[in-house]
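Accompanying notes for the structure given below.
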Amino acid sequence: MADFSLDSSFIPALHKPSALLPIAKHRESLLYVVETFPVTIVIGQTGSGKTTQLPQYLDSAGWCADGKIIAVTQPRRVAATTVAVRVAEELGCEIGKEVGYSIRFEDLTSSSTRIKFMTDGLLIREALVDPLLTRYSVIMVDEAHERSISTDILLGLLKKIRRKRPELRIIISSATLQAEQYLQFFTEGEDSSQSKENDSLANDICTIVSIEGRTFPVDVLYLEKPAEDYVEKAIETVFDIHSQEGEGDILVFLTGREEIDNAVQAVSERAIDLNSRLGRLQPLPLYAGLSTEQQMYVFDQLPDGTRKVVFSTNIAEASVTIPGIVYVIDTGFVKLRAYDPRTGIESLTATPVSQASASQRAGRAGRTKPGKCFRLYTEDDYQSLPKANVPEIQRSNLAPVILQLKALGIDNIVRFDFLTSPPAELVAKALELLYSLGALDEYAKLTRPLGSRMAELAVEPMMAKTLLSAESFGCLSEILTIAAMTSLGGSVWFHHEGERKRMESSRRKFAVEEGDHLTLLNVYQAFVTKGKKEAKFCHDHNLNYKSLSRAVSIRAQLKRYLERFGITVDESLASREQGADNNKKTEQIRRCLTAGFFAHAARMQPDGTFRNVEGGTILHAHPSSLMFNRKADWVIFHEVMEAGEKKMIRDITKIEKDWLLEYGAEFYTVSKKG
DNA sequence: GCTCTTGAT
């Protein structure tokens, strides 16, 4: 194959000699600062080179002597891998040798690794084995301003570790807004042994360094008066830009799939009437629910004279970078997850963005040349927006986090040094659930072996309990599969536009009367046996190949954990059983699920809706569930989420009422008191 | 009756 092309004969922009990056001239001062201060906060805009260059500077300055490692954490897997590959190239080494990465299911490091990129969640798990993270001389936490739960927890742990390891160097990279907050976090409580007016000691711990970025200016424009319908206004603005502004692609931020699909359709319909002098408009959708190949379209180079318009969720705000965007339209909304500790119900609602998000969105217009950002709200509206989003830790179900903290030896959750403390109700609710599952005892101490094992398994507490009960119900192999399948979060089925009927009938072929969990089990077993784990099988049956392959990895990993606990998994039982044996097995699986999910129980009413156990909450079966159009009595479900006015439950299985008392007696007696 | 913002172990 001829390998000559324009692409390969030029050096891509990413691989500019690193001496040209803005960070290069700060090299000496950065090294001095890291040498002098245990904690360094680096404020660096996109394109400053902090993530790729700083670890190399540290390495050459000797921070990897004695076999110590420089760790750089990222909130996302792709970031960890792509940055690692790039740094390896710059250093001219093979990935996995001096420079490596480690993410779930993929560890490309070796004994010679000196710079290691990884997800922050994985580093937290390493602390379970090595509480002081002694392998690392420097830990750099990148993208800390995103305030994900794992980043927040990691920062709390690092503050604690630092007191016992004064030689450890911590680097936090953050956007401007929060820098002071990190400084305060790492200095407060550190000078208690000294006199209080002595500020200089605090200043010895932590310092802030700013590095200029390499982006182009973006003009920000506001509406004079608020828009009535932001989707319609966004579409009109697309056509205004197309007829009045120069070349360049457009990125529009909307809140979800429905809005995006509608907008894409509206633009293609109205584009037919365009004056031919203007050139074509090509609208494209972008959201996480699309398959990988559909997502790739946004990177396609379009013919000259065609303008690309990408309608996206906030996936384009930080996770996906589309080259060539010159115009951004920001509708000012994002869907955010929230959790109500009183009902245990998560909700998903469109919320105004924060100023930080708005500026991140605007920045997407200035990556290749000067750009413009059209904010579909007034400047006054902007001023009244919150500075930053509410951190995830303040609006999530904390049961998994608290279980993990307990396993790390942090008994007193309330006294843990959180960057931002979670509300007391969230903590109380999580403790209550963990107690009812048997993970914590009456003194809120982690139980052994149950609680510590639950913490080690990479699934949420209710499923972890189910897994660890499965051996006694004689259905371990099946529950392993169900745990892997439910952790995919509903991405098992897949359909192209207009193929919904086809998908429904595919789904019916795998349906099992008792409910969604057994149906998922059926799908998995068909995929690995008849389907030979091949993409074609998925394609033929409207299944998501990427998800099912992931389920295979997750299942294997969970199985390894169980074997490490000394629990043997007998796979011979997993083969299809017939007749009475099969019914008995099915009942054991349903009982076992109840042992973990008793807190998620409901009863179907004559009208087909569900009520929770207390009776006060109306729940609807999610349209993806078998129970959406079938009869049932008592059921347990994996998840409940409020979207719009409806509270919907998904992954539903029929159970017997008596089982709830048999396996969840504690929970229901406690609930009655409250 | 008709569907999920985004990440992660």
*asked:* Using a 4.0 Å heavy-atom cut-off, does Ser150(A) contact any base of the nucleic acid, only the sugar-phosphate backbone, or nothing at all?
replied: nothing
Judged by nearest nucleotide, the residue sitting upstream toward the 5' end of DNA chain B, Ser624(A) or Glu392(A), is Ser624(A)
Bounded by its outermost nucleotides with an atom under 4.0 Å from a heavy atom of chain A, the footprint on DNA chain B reads dG1(B) to dT9(B)
Contacts of Tyr230(A) meeting ring-ring contact (aromatic ring centres under 6.0 Å, His included) (sequence neighbours excluded), chain-then-number -> Phe333(A)
- Name the nucleic acid region contacted by Asp120(A), choosing base, sugar-phosphate or nothing; use a 4.0 angstrom heavy-atom cut-off, strictly under. nothing
Answer with base, sugar-phosphate or nothing: what part of the nucleic acid does Arg337(A) contact at a heavy-atom distance below 4.0 Å?
base
Residue set satisfying ring-ring contact (aromatic ring centres under 6.0 Å, His included) with Tyr136(A), at least two apart, ordered chain then number -> none
Residue set satisfying ring-ring contact (aromatic ring centres under 6.0 Å, His included) with Tyr545(A), at least two apart, ordered chain then number -> none
* Going by an N to O cut-off under 4.0 Å, is there a salt bridge joining Arg507(A) and Glu504(A)? -> yes
Inset, instruction - Check every strand shown and say whether Arg125(A) touches a base, only sugar-phosphate, or nothing at a heavy-atom separation below 4.0 Å. - result: base
Contacts of Phe418(A) meeting ring-ring contact (aromatic ring centres under 6.0 Å, His included) (sequence neighbours excluded), chain-then-number -> Phe416(A)
Paired with Ile413(A), the side chain to side chain contact (heavy atoms under 4.5 Å, CB included) test is passed by just one of Val401(A), Leu405(A), Leu398(A), namely Leu405(A)
- request: For Thr609(A), answer base if it contacts any base atom (sugar-phosphate contacts may also be present), sugar-phosphate if it contacts only those atoms, and nothing otherwise; contact means non-hydrogen atoms under 4.0 Å.
  value: nothing
Whichever of Gly256(A) and Arg550(A) has the more 5' nearest nucleotide on DNA chain B, that residue is Gly256(A)
What does Leu122(A) touch in the nucleic acid at a heavy-atom separation under 4.0 angstrom: a base, only the sugar-phosphate, or nothing? sugar-phosphate
query = Reckon Ser148(A) touches a base, only the sugar-phosphate, or nothing at all at heavy-atom distances under 4.0 Å?
reply = nothing
Would you give me the side-chain donor-acceptor pairs under 3.5 Å for residues 461-470 of chain A, sequence neighbours excluded?
from	atom 1	to	atom 2	distance (Å)
Lys465(A)	NZ	Leu437(A)	O	3.1
Thr466(A)	OG1	Met462(A)	O	2.8
Ser469(A)	OG	Lys465(A)	O	2.7

Check your understanding: Which part of the nucleic acid, if any, lies within contact of Lys646(A), taking any heavy atom under 4.0 Å across all strands shown: a base, the sugar-phosphate backbone alone, or nothing?
Key -> sugar-phosphate
Quiz item: Hey, does Tyr287(A) reach any base, or is it just sugar-phosphate, or nothing, if we go heavy atoms under 4.0 Å?
Solution: sugar-phosphate
ask   = For Arg650(A), which contact category applies under a 4.0 Å heavy-atom criterion: base, sugar-phosphate, or nothing?
value = base
